[in-house]
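Data first, discussion second: the structure below is written as structure tokens.
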Amino acid sequence: VQLVESGGGLVQAGGSLRLSCAASGRTFSMYAMGWFRQAPGKEREFLAAISWSGGITYYADSVKGRFTISRDNAKNTVYLQMNSLKPEDTAVYYCAADRSSLTPQGQQYDYWGQGTQVTVSS
């Protein structure tokens, strides 16, 4: 599975962005998907995950209520809607695919995208 993120950019604090992650391959619907981010000098941080069917979602406390993960298996795409953005949300955002489970543990994911930069100005 190859993953390609898009939708990042520069936004003012309080604004919104929607990230997309397009997956190649016919088996996209068999994977749980997750979103992570990494800011300079910081460890990778789990944000959200969604089950293969989209019926189960899981969020980190830091983004709960502001970010929404969703997926469209017909389009082989997973999304991250980000609202009420803060300067501390500035990071490179990554999507990842997991064949086996819905998990916040990054090391469990099998495939990763190259990342998309999100910069939130104050």
Side-chain angles (χ1 to χ4, degrees):
V1 175
Q2 290 186 325
L3 304 173
V4 179
E5 301 94 338
S6 62
L10 175 64
V11 63
Q12 289 188 334
S16 299
L17 281 175
R18 188 177 80 156
L19 305 183
S20 299
C21 172
S24 64
R26 300 179 182 178
T27 59
F28 172 75
S29 62
M30 298 175 62
Y31 290 80
M33 299 296 295
W35 283 98
F36 295 78
R37 69 185 178 190
Q38 188 165 21
K42 294 188 176 181
E43 293 186 352
R44 183 176 60 199
E45 177 188 11
F46 166 78
L47 300 175
I50 188 166
S51 62
W52 65 271
S53 68
I56 301 172
T57 56
Y58 179 62
Y59 295 93
D61 289 342
S62 59
V63 303
K64 197 174 296 182
R66 296 193 299 127
F67 291 9
T68 302
I69 189 171
S70 61
R71 68 189 294 162
D72 185 339
N73 286 342
K75 296 182 178 180
N76 279 13
T77 302
V78 62
Y79 304 97
L80 186 68
Q81 177 67 43
M82 306 187 295
N83 298 328
S84 302
L85 284 163
K86 306 174 183 179
E88 51 263 44
D89 293 318
T90 296
V92 178
Y93 283 67
Y94 300 89
C95 67
D98 183 348
R99 286 175 293 185
S100 58
S101 63
L102 187 66
T103 175
Q105 303 299 322
Q107 61 269 29
Q108 302 290 340
Y109 285 77
D110 303 291
Y111 302 99
W112 291 82
Q114 84 290 347
T116 186
Q117 175 71 46
V118 171
T119 303
V120 184
S121 63
S122 58

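All values below come from the heavy atoms of this structure, side chains included, with hydrogens, waters and symmetry mates left out. All of these numbers come straight from a predicted model, not from anything done at the bench.
Cluster annotation: Ile56 is not connected to Trp35 through the hydrophobic network of ILVMFWY side chains, with a link wherever side-chain heavy atoms come within less than 4.5 Å. Connection of Val4 to Val78 is not established within any shared hydrophobic cluster, with ILVMFWY side chains joined at heavy-atom distances below 4.5 Å, either directly or through further cluster members. Hydrophobic clustering, with ILVMFWY side chains joined whenever heavy atoms are under 4.5 angstrom apart, groups Ile69 together with Tyr111. The hydrophobic clustering, which links ILVMFWY residues whose side-chain heavy atoms are closer than 4.5 Å, places Trp112 and Phe28 apart.
Remark: Arg66 engages Val63, Ser84, Lys86, Asp89 in a side chain to side chain contact (heavy atoms under 4.5 Å, CB included) (not counting sequence neighbours).
Contact detail for Phe36 and Phe46: the closest heavy-atom pair is CD2-CA, 3.4 Å. In this structure, Ala48 and Leu80 approach most closely via the heavy-atom pair CB-CD1, 4.3 Å. Across all their heavy atoms, Tyr109 and Gly34 have their closest contact at CE2-N, 3.7 Å. When every heavy atom of Ala97 is checked against every heavy atom of Met33, the shortest pair comes out as CB-SD, 3.5 Å. Closest approach of Thr103 and Gln105 over heavy atoms only: OG1-N, 3.0 Å. Heavy atoms only, all atoms of each residue included: Trp52 and Ser29 are closest at CB-O, 3.0 Å.
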Give the C-alpha distance, both sets of side-chain angles, the deciding distance and a yes or no for side chain to side chain contact (heavy atoms under 4.5 Å, CB included) between Glu45 and Leu47. CA-CA 6 Å; Glu45 177 188 11; Leu47 300 175; 4.2 Å; yes
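Under the 6.0 Å distance and 45° angle rule, Arg71 does not count as a cation-pi partner of Tyr31.
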Residues 6-25 side chain polar contacts: donor-acceptor under 3.5 Å, at least two apart:
| residue | atom | partner | partner atom | Å |
| --- | --- | --- | --- | --- |
| Ser16 | OG | Asn83 | OD1 | 2.9 |
| Ser24 | OG | Gln2 | N | 3.0 |

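A distance of 8.5 Å separates CD in Gln38 from CD in Glu43, rounded to the nearest 0.5 Å. Considering CG of Leu102 and CD of Gln108, their distance stands at 11.5 Å, rounded to 0.5 Å.
Side-chain contact check for Asp72 and Ser70: no donor-acceptor pair (N or O, by modelled atom type) lies under 3.5 Å.
Each ring-ring contact (aromatic ring centres under 6.0 Å, His included) pair with one or both residues in residues 66-105, not counting sequence neighbours, would appear here, but there are none.
Glu5 places a side-chain N or O within 3.5 Å of a backbone atom of Gln114 that can act as its donor or acceptor partner. Under the 3.5 Å distance criterion, the side-chain polar atoms of Thr119 are left unmatched by any main-chain donor or acceptor of Thr90.
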